[in-house]
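To keep things clear, I will list the structure first and then write my remarks on it.
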Amino acid sequence: MEDDRRVKLERLRADGIDPFPPDFDGVTPIARVHAAHGTLEPGEETDVSFRVAGRLTARRGHGRATFLDLVDRSGRIQLHARLDVLGQEAFDRLTSLDLGDLIGADGTAFKSRRGELSLRTDAWRLLAKSLRPPPEKFHGLEDTETRYRRRELDLIANEEARRLFVLRSRVVAAIRRYLDEHDFLEVETPVLQPLYGGAAARPFTTHHNQLDRDLYLRIATELYLKRLVVGGLERVYELGKNFRNEGISPKHNPEFTMLEWYEAYADYEDAAARLEELVAYVAGEVGYSGELDLTPPWRRLTLRAAIEEWTGIDVLAAREPAALVSVARERGIADLDASETWPRLVDDLLSKHVEPALDQPTFIFDYPEELSPFAKAHRSASPEDRLVERFECFAAGIEIANAFSELNDPHEQRARFEAQRAELAAGDEEAQPFDEDFVRALEHGMPPTGGLGLGIDRLVMVLSGRRSIREVVLFPAMR
RNA sequence: GCCCCCGUAGCUCAGUUGGUCAGAGCGGCGGACUUUUAAUCCGCGCGGCGAAGGUUCGAGUCCUUCCGGGGGCACCA
């Protein structure tokens with residue numbers, strides 16, 4: 001079958017036609033043709049000529065006339081090719097093209113009897129020959145593996161896929177617009193780091209040959225960004241890839257896009273207000289019309305109240321593993337592992353019993369200190385509860401953001417690293433390595449700061465209603 | 001790492017309890033057709049059923065292993 005295409009290619013060359021010409025000037029996006037003439041009446045003709053270019057996706061022949069569908073990034077338009085307009089040779093060559101070929105065409109706008117805006121083609125040119133057949137035109141491409149591994153075919157075959165990734169791009173652009181307008185500075189910090197940190201995750205390790213030294217792909221941008229706040233940049237953000245050497249799941253890709261921002265003279269309440277404002281702004285900019293109510297303010301409740309609401313358990317009244325496991329049993333939750341630490345048990349309750357229920361956007365405030373080595377101690381909670389000023393934000397049943405009032409007391413930060421060092425020694429592969437450069441930076445003085453991390457892939461999932469991260473990542477990790 | 005499921009033409013799929021089961025639609029090729037849009041009509045199958053073994057008189061159809069994929073669990077605070 002591909003041989004047919006190669007034969008055609010050679011025939012074109014033999015006829016002196018370049019199947020891969022270098023350029024084609026003066027192309028109008030198809031959407032602009034629709035904008036200009038979408039309101040024509042069925043059967044109405046114009047004298048207005050357009051030059052369009054794109055991929056041939058369908059052909060409906062009628063002897064001495066043929067309809068062809070042409071698709072570009074902005075949309076689809078029908079070409080009407082007539083023998084009496086084009087002449088024999090141009091007509092024959094046009095109608096013997098293969099689906100998937102890229103062509104440019106000039107034609108005047110008219111609306112067919114059935115009401116479809118079309119171009120009466122009077123000239124055309126092959127812009128690139130396609131040597132492989134495109135996916136099936138009606139059912140589209142559905143095979144998941146092909147859609148992910150060969151995304152270009154997904155984009156060719158499925159308009160939904162095109163729309164989704166346009167949406168993703170617009171989401172990212174809107175985020176930048178919002179932050180730029182609010183006086184944030186976009187910065188870039190190292191992806192290759194001598195020490196990883198800022199999140200609990202196992203890193204990818206690589207090696208610098210000349211330095212003969214291992215480096216890590218960043219798992220977060222947090223610590224470098226806070227050093228910039230120390231440096232006086234005050235409002236910074238970075239939007240980029242993080243890498244975590246963990247499992248792949250519908251919510252997890254080994255490399256994923258994260259936004260982190262840090263704002264001096266702000267705390268986690270300010271971060272929450274900014275997040276809901278940002279997301280509402282983005283939703284408006286991309287025309288979100290889904291089921292979620294993203295209008296601020298979003299629901300806010302404490303971690304303690306959230307777990308109590310969905311499980312009936314007051315975790316702060318049972319602040320050690322045995323007590324918590326036993327209270328959970330009374331409430332009919334028997335799958336807690338008594339050998340786990342208390343904070344991990346709390347996290348387990350949150351992720352299994354609360355998170356899946358959080359459909360509408362919701363902030364969960366005030367986490368145990370042990371889970372949050374970079375968050376400031378809570379200003380008003382009783383000290384024995386050992387809570388920090390941290391929230392996570394959930395929507396559509398998944399976590400989308402995490403934020404703190406940043407810990408800026410260098411002595412306390414040093415103590416937290418010491419505690420993490422002990423965890424690391426005890427075998428916790430996700431404990432934070434001691435980052436002396438970061439502590440030194442804090443010793444120079446960091447203003448009170450609110451910081452937040454927002455998972456861009458997950459935000460796009462929420463805004464597009466997709467349930468797998470692989471749907472919103474162009475080239476997701478595959479086995 | 002564990003469990004379940006899937007893998008048939010370029011694409012989307014159908015193939016009862018193993019015996020014309022190698023099929024359909026789209027695409028392709030040839031022909032008809034100057035307003036169709038999953039265009040229509042006529043003709044042509046272009047793969048040997050993910051791979052390798054095995055059971056059987058006979059295997060897409062049963063068994064084993066391997067490869068690839070999906071889902072779930074664990075993990076991912």
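Naming: A, B, ... by sequence-line order, numbering from 1 per chain. Hydrogens, waters and symmetry mates are skipped; everything else that's a heavy atom, side chains included, is used.
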State the CZ-CD1 distance between A:Arg73 and A:Ile30, to the nearest 0.5 angstrom. 9.5 Å
Expressed as a whole number of Å, how far does the C1' atom of B:A51 sit from that of B:G7? 11 Å
With A:Thr221, the side-chain hydrogen bond (donor to acceptor under 3.5 Å, both in side chains) member among A:Gln193, A:Lys226, A:Glu260: A:Glu260
At less than 4.0 Å, is any side-chain N or O atom of A:Lys352 found next to OP1 or OP2 of B:C75? Yes or no. no
Would you measure the distance from the P atom in B:C49 across to the matching atom in B:C62 and give it in whole Å? 15 Å
Taking atom C1' in both B:G60 and B:G47, what distance in whole Å separates the two? 12 Å
Quick one: the side chain of A:Arg120 and the base of B:U34, do they pair up donor-acceptor inside 3.5 Å? no
Any donor-acceptor pair, under 3.5 Å, between the side chain of A:Arg60 and the base of B:U36, if you only look at N and O atoms? yes
Test applied, salt bridge (charged side-chain N to carboxylate O under 4.0 Å, His left out); reference residue, A:Lys251; option that passes from A:Glu355, A:Glu399, A:Glu471: A:Glu355
A:Arg64 vs A:Glu116, nearer the 5' end of RNA chain B by closest nucleotide: A:Arg64
Write down the distance separating the P atoms in B:G54 and B:G69, rounded off to the nearest Å. 28 Å
Walking RNA chain B from its 5' end, the first of A:Arg76 and A:Arg470 to be reached, judged by nearest nucleotide, is A:Arg76
Say you pick atom C1' in B:A52 and the same atom in B:G70; how far apart are they, in whole Å? 24 Å
Roughly how many Å apart are B:U64 and B:U55, using the P atom of each and rounding to a whole number? 15 Å
Within the pair A:Arg149 and B:G69, is there a side-chain N or O less than 4.0 Å away from OP1 or OP2? yes
Hey, are the side chains of A:Ile103 and A:Leu79 touching, using non-hydrogen atoms and a 4.5 Å cut-off? yes
Using a 4.0 Å heavy-atom cut-off across all strands, classify A:Arg390 as base, sugar-phosphate, or nothing. base
Would you mind calling B:G60 syn or anti? Take O4'-C1'-N9-C4 for purines or O4'-C1'-N1-C2 for pyrimidines, and syn is within 90° of 0. syn
Describe the nucleic acid contact of A:Glu355 in one word from base, sugar-phosphate, nothing, applying a heavy-atom distance below 4.0 Å. nothing
According to a strict under-4.0 Å criterion, is A:Arg150 in side-chain N/O contact with OP1 or OP2 of B:G10? no
Roughly how many Å apart are B:A59 and B:G1, using the C1' atom of each and rounding to a whole number? 34 Å
If you look at every strand shown and take non-hydrogen atoms under 4.0 Å, does A:Lys111 touch a base, only sugar-phosphate, or nothing? nothing
Sticking with atom P, work out how far B:G53 lies from B:U61, rounded to a whole angstrom. 14 Å
Think A:Arg114 has a side-chain N or O under 4.0 angstrom from the OP1 or OP2 of B:A39? no
Parallel, tilted or perpendicular, judged at 30° and 60°: which one describes the rings of A:Phe438 and A:Phe374? perpendicular
Looking at the angle O4'-C1'-N9-C4 for a purine or O4'-C1'-N1-C2 for a pyrimidine, is B:G58 syn or anti, with syn meaning within 90° of 0? anti
